[in-house]
Amino acid sequence: QVQLVESGGGVVQAGGSLRLSCAASGRAFSSYFMGWFRQAPGKEREFVAVINLTGGTAYYADAVKGRFTISRDNAKNTVYLQMNSLKPEDTAVYYCAASENYRGLVAGKSVDYWGQGTQVTVST
């Protein structure tokens, strides 16, 4: 069993930055691919970013590429999402996810654990 707890959400003006954290407890954190997803009001949950087991490779949705950076610290059992140049359309609840299946995690269809989510609101 793995528990994921997100933090770092809040309200920020357009153009600003936020850093989300997701702390994991339970089974070996370094055994899981980690990802971030988001869900805006009235929309389906969508993929944002994923990182491999060692943190050496990351993949991003086109909407956030060049603005967001995912990273992980296996010693601290934590994954991060640095969000820069935020836009109003980035407003959503952001979820951390863990999976032993990389492709399944990117597709959002093979997620072993979800966090409870943290709200990010970008104002104009």
Side-chain angles (χ1 to χ4, degrees):
Q1 189 76 9
V2 173
Q3 293 79 41
L4 302 175
V5 179
E6 301 98 333
S7 62
V11 180
V12 63
Q13 286 190 329
S17 298
L18 281 175
R19 188 176 83 154
L20 305 183
S21 299
C22 172
S25 59
R27 291 182 58 191
F29 175 74
S30 59
S31 299
Y32 291 90
F33 300 101
M34 298 299 298
W36 288 95
F37 291 75
R38 66 186 182 185
Q39 187 168 20
K43 295 187 177 181
E44 293 188 353
R45 186 153 49 188
E46 65 176 2
F47 166 78
V48 173
V50 66
I51 193 164
N52 72 343
L53 300 180
T54 62
T57 301
Y59 176 72
Y60 299 91
D62 288 343
V64 306
K65 200 173 298 182
R67 299 187 299 122
F68 291 10
T69 303
I70 187 172
S71 61
R72 67 189 296 165
D73 185 337
N74 287 344
K76 295 183 178 180
N77 288 359
T78 302
V79 62
Y80 305 97
L81 185 68
Q82 177 67 44
M83 305 185 294
N84 298 329
S85 302
L86 282 161
K87 304 175 181 180
E89 51 263 45
D90 294 319
T91 294
V93 177
Y94 283 72
Y95 297 90
C96 175
S99 177
E100 294 181 313
N101 185 316
Y102 181 86
R103 291 180 184 272
L105 179 58
V106 173
K109 295 183 178 181
S110 180
V111 175
D112 297 311
Y113 303 100
W114 290 100
Q116 84 288 350
T118 185
Q119 176 71 47
V120 171
T121 302
V122 184
S123 62
T124 55

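It should be emphasised that the depicted structure is a prediction, and the values quoted were computed from it without experimental measurement.
- Val12 and Tyr80 fall into different hydrophobic clusters, where Ile, Leu, Val, Met, Phe, Trp and Tyr residues are linked whenever their side-chain heavy atoms come under 4.5 Å apart, directly or through other members.
- Each of Leu53, Leu105, Asp112, Val111 was compared with Glu100 under the side chain to side chain contact (heavy atoms under 4.5 Å, CB included) criterion, and only Asp112 meets it.
- Taking all atoms of both residues into account, the shortest heavy-atom contact from Tyr95 to Gly115 is CD2-O, 3.6 Å.
- In this structure, Glu89 CD and Arg38 CZ are separated by 8.0 Å, a value rounded to the nearest 0.5 Å.
- A continuous path of hydrophobic side-chain contacts links Phe37 to Val93 [ILVMFWY only; heavy atoms under 4.5 Å].
- In this structure a side-chain-to-backbone donor-acceptor pair under 3.5 Å is present from Ser99 to Ser110.
- The minimum heavy-atom distance linking Ala40 with Ala92 is given by the pair N-CB, 3.8 Å.
- Val106 is not connected to Tyr32 by any chain of hydrophobic side-chain contacts under 4.5 Å among Ile, Leu, Val, Met, Phe, Trp and Tyr, and they are in different clusters.
- Summarising the geometry, atom CG belonging to Leu20 is positioned 12.5 Å from atom OG1 belonging to Thr78; distances are rounded to the nearest 0.5 Å.
- Side-chain contact between Glu6 and Tyr94: absent, with no pair of heavy atoms (C-beta onward) separated by less than 4.5 Å.
- The only option from Val48, Val120, Ile51, Thr118 that meets the side chain to side chain contact (heavy atoms under 4.5 Å, CB included) definition with Leu81 turns out to be Val48.
- Between the side chain of Arg72 and the main chain of Asn52, a donor-acceptor pair closer than 3.5 Å is present.
- Side-chain atoms of Asn101 and Arg103 include no donor-acceptor pair closer than 3.5 Å.
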Show me the side-chain donor-acceptor pairs of residues 56-70 shorter than 3.5 Å, one per line, residues at least two apart or across chains.
unit_1, atom_1, unit_2, atom_2, d
Tyr60, OH, Ile70, N, 2.9
Asp62, OD1, Lys65, NZ, 3.1
Arg67, NH1, Ser85, O, 3.0
Arg67, NH1, Asp90, OD2, 2.7
Arg67, NH2, Ala63, O, 2.9
Arg67, NH2, Asp90, OD1, 3.0
Arg67, NH2, Asp90, OD2, 3.4

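- Taking all atoms of both residues into account, the shortest heavy-atom contact from Val2 to Leu4 is CG1-CD2, 3.7 Å.
- Between Met34 and Cys22 the shortest heavy-atom distance is CE-SG, 4.5 Å.
- Using a 4.5 Å heavy-atom cutoff, the side chains of Thr91 and Gln119 are in contact.
- Side chains of Trp36 and Met83 form no contact here, defined as non-hydrogen atoms less than 4.5 Å apart.
- Taking CZ of Phe29 as the start and CG of Asp73 as the end, the distance is 8.0 Å to the nearest 0.5 Å.
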